Structures are given as structure tokens and as C-alpha cells.
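Residue numbers count from 1 along this sequence. Nothing here was measured: the structure is a model prediction, and the numbers come from that model.
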Amino acid sequence: YERLDKVSPVDFDCGQLCGEVCCVYDEEDYRNEELALYLLPGEELMYEDSDSFELYYIDSSEIKYPHSWKDQIYLVKCKTPPKCDRSIRPIQCRTFPLIPHLNKKGEFHLIFDESEFPYKCPIVNNHIKLNDDFVRTTYEVWSMLISNPLVYDLIDMDSRMRDNRKTDYEIII
Ligand code: SF4
Ligand code: SF4
């Protein structure tokens with residue numbers, strides 16, 4: 001979190017381009033599997049005493065997750081989007097709109113994938129150049145995170161599903 005706090009995707013308020021759609025899209029449907037803010041293992045500890053987020057969990061057998069995720073899957077709902085306690089926003093928000101991907105040789109990349117969310121992010125849609133330090137730091141952070149076997153399994157599963165869908169994506173790094 002500290003490392004990602006020091007960088008931003010772009011040097012302007014990209015929320016002005018889209019009305020902060022990635023925070024407010026279909027709020028009422030936040031518990032929908034596609035749109036919820038899923039947490040990485042251990043990340044739930046950040047939200048135990050937060051007034052800005054509602055922490056909840058679902059059983060790993062209820063959703064399409066790797067078999068290695070045997071326990072509960074934690075999620076958070078932002079109570080007042082697009083405002084939140086940015087000091088504890090989840091990794092998923094901190095590294096957006098970059099998506100971690102493992103190619104078939106197991107090589108790790110960060111990609112833009114328009115099919116990944118149900119709204120248009122202008123940065124992805126218009127191929128707006130991201131700040132170099134954001135891309136580099138996000139790559140380093142995800143590279144560390146995938147050394148956790150559960151995170152690796154999740155990224156691998158998402159990547160194979162992306163391959164099966166034959167999704168067009170753009171490799172950023
Ligand atoms: S990251 Fe994309 S969707 Fe989110 S506020 Fe910026 S331009 Fe909009
Ligand atoms: S945690 Fe903050 S940045 Fe992330 S979706 Fe919610 S309001 Fe937006």
C-alpha cells in the first residue's frame with residue numbers, strides 16, 4: 001500500500017473523463033460477483049475497524065475460484081463511493097486499470113483488457129499513456145504478490161480463462 005501510495009496512473013484527475021465510473025458503476029449491484037471488490041489473502045485485516053468500508057465474505061465454493069482457496073473469500077463494499085478512505089483502498093483499486101496476466105509460458109505481464117469490466121474506462125479505451133513510475137511500481141508490487149501461491153493460482157486461473165475467451169488485450173509491460 002505504501003509503495004502504491006507514491007504513484008498515480010496519470011497526472012490529471014481521470015475521474016473527470018468518466019464520472020468516476022470505476023467507483024460508482026451500478027452501486028446497487030456491488031455484491032454481484034463481477035463487480036465486487038475482492039480482497040487478496042490477508043488484505044481483510046485492513047478493514048476490520050473501518051467506517052468507510054463494509055467487510056463481508058462468501059464461501060470459496062460459491063464462486064469460481066481456484067481450488068487452493070479453501071476458506072472464505074473476503075470482499076469490501078465502499079459505503080460512499082466515489083469517496084473512500086484512500087489510505088486503505090484495496091490493491092484492486094490501487095493498480096487499476098492494469099490487470100496482472102501470466103502468459104502460457106508463465107511469463108508475467110500487466111495488460112489492458114477492455115472485456116474485464118462492464119463499463120468503459122477512458123484510459124483503457126483511448127489507450128492513454130500511463131505514468132512510467134505507476135507502471136513500474138505496479139509491476140514490482142504484483143510480482144511480489146504472485147509469490148504468494150494463492151495469488152498466483154488466482155492470476156493463473158484468470159489468465160487461462162482470458163486465453164480461452166480469446167480476448168484481445170494490450171500488453172503494457
Ligand atoms: S481509472 Fe478509468 S474508469 Fe476509473 S476514473 Fe480513471 S478513467 Fe475513469
Ligand atoms: S475503494 Fe475507493 S477507489 Fe476503490 S472503488 Fe471504492 S471508492 Fe473507488
Is there side-chain contact between L75 and K77, with heavy atoms separated by less than 4.5 Å?
no

So, do I73 and Y57 sit near enough that their side-chain heavy atoms are less than 4.5 Å apart?
no

How far apart are the C-alpha atoms of D5 and R89, what are their side-chain angles, what is the distance that settles it, and do they pass the salt bridge (Lys or Arg N to Asp or Glu O under 4.0 Å) test?
CA-CA 10 Å; D5 274 343; R89 70 195 190 287; 3.8 Å; yes

Using a 4.5 Å cut-off on heavy atoms from C-beta on, say whether the side chain of P100 contacts that of I146.
no

Are the side chains of T137 and K6 in contact, using a 4.5 Å heavy-atom criterion?
no

Same hydrophobic cluster for I171 and I99, using side-chain heavy-atom links shorter than 4.5 Å among ILVMFWY?
yes

Non-hydrogen side-chain atoms of D113 and R165 separated by less than 4.5 Å:
yes

Minimum heavy-atom distance between S52 and S50, given as atom pair plus value
N-OG, 3.1 Å

Which heavy atom of H109 sits nearest a heavy atom of Y139, and at what distance?
CA-CE1, 4.4 Å

Looking at E43 and P90, would you say the former's side chain and the latter's main chain have a donor-acceptor pair under 3.5 Å?
no

Any heavy-atom pair between the side chains of I173 and T138 that's under 4.5 Å?
no

Looking only at non-hydrogen atoms, find the nearest pair between C121 and P97 and report the distance.
SG-CB, 4.2 Å

Supply the atom-to-atom distance F134 CZ to T95 OG1, rounded to the nearest 0.5 angstrom.
6.5 Å

Strictly distance-based, threshold 3.5 Å: is any side-chain N or O of S60 a donor or acceptor partner for the main-chain N or O of W69?
yes

Do R160 and D163 sit within salt-bridge range, that is, some charged N less than 4.0 Å from a carboxylate O?
yes

Can you establish whether the number of heavy atoms outside D51 located under 6.0 Å from its atom CG is more than 12?
no

Stepwise side-chain contact (heavy atoms from CB on, under 4.5 Å) test for K64 and M161
CA-CA 11 Å; K64 197 162 175 40; M161 284 167 52; 4.1 Å; yes

Could you tell me which non-hydrogen atom of S87 sits nearest to which non-hydrogen atom of Y1, and how far apart they are?
O-CD2, 4.0 Å

Under 3.5 Å, side chain of R94 to main-chain N/O of R86, donor-acceptor pair present?
yes

How many angstroms lie between atom CD of E107 and atom OG of S159, to the nearest 0.5 angstrom?
12.5 Å

If Ile, Leu, Val, Met, Phe, Trp and Tyr residues are connected whenever their side-chain heavy atoms lie under 4.5 Å apart, and connections chain through other members, are F12 and L98 in the same group?
yes

Would you say Y65's side chain and D59's backbone share a donor-acceptor pair under 3.5 angstrom?
no

Less than 4.5 Å apart, side chain to side chain, heavy atoms only: is that true for L39 and L55?
yes

Taking all atoms of both residues into account, what is the closest heavy-atom pair of S8 and N131, and its distance?
O-ND2, 3.1 Å

Can you tell whether the side chains of D85 and K79 come within less than 4.0 Å, N to carboxylate O?
no

A quick test of your reading: do over 12 heavy atoms of other residues, nucleotides or ligands sit less than 6.0 Å from CG of N126?
yes

Interatomic distance, L110 atom CG to S143 atom OG [nearest 0.5 angstrom]
7.5 Å

Could you label the plane-to-plane angle of the Y119 and F117 rings as parallel, tilted or perpendicular, counting under 30° as parallel and over 60° as perpendicular?
parallel

Is there side-chain contact between F112 and I123, with at least one heavy-atom pair below 4.5 Å?
yes

Parallel, tilted or perpendicular: which fits the ring planes of Y47 and F53, with parallel below 30° and perpendicular above 60°?
perpendicular

How many angstroms lie between atom CG of L37 and atom CD1 of I91, to the nearest 0.5 angstrom?
12.0 Å

Would you give the length of the straight line joining atom CD of E116 to atom OH of Y169, rounded to the nearest 0.5 angstrom?
11.5 Å

Minimum heavy-atom separation for L150 to S68, with atom names?
CD2-O, 3.4 Å

OH (Y74) and CD (E48) are apart, to the nearest 0.5 Å, by 7.5 Å

Does the pair D158/R162 count as a salt bridge with the N-to-O cut at 4.0 Å?
no

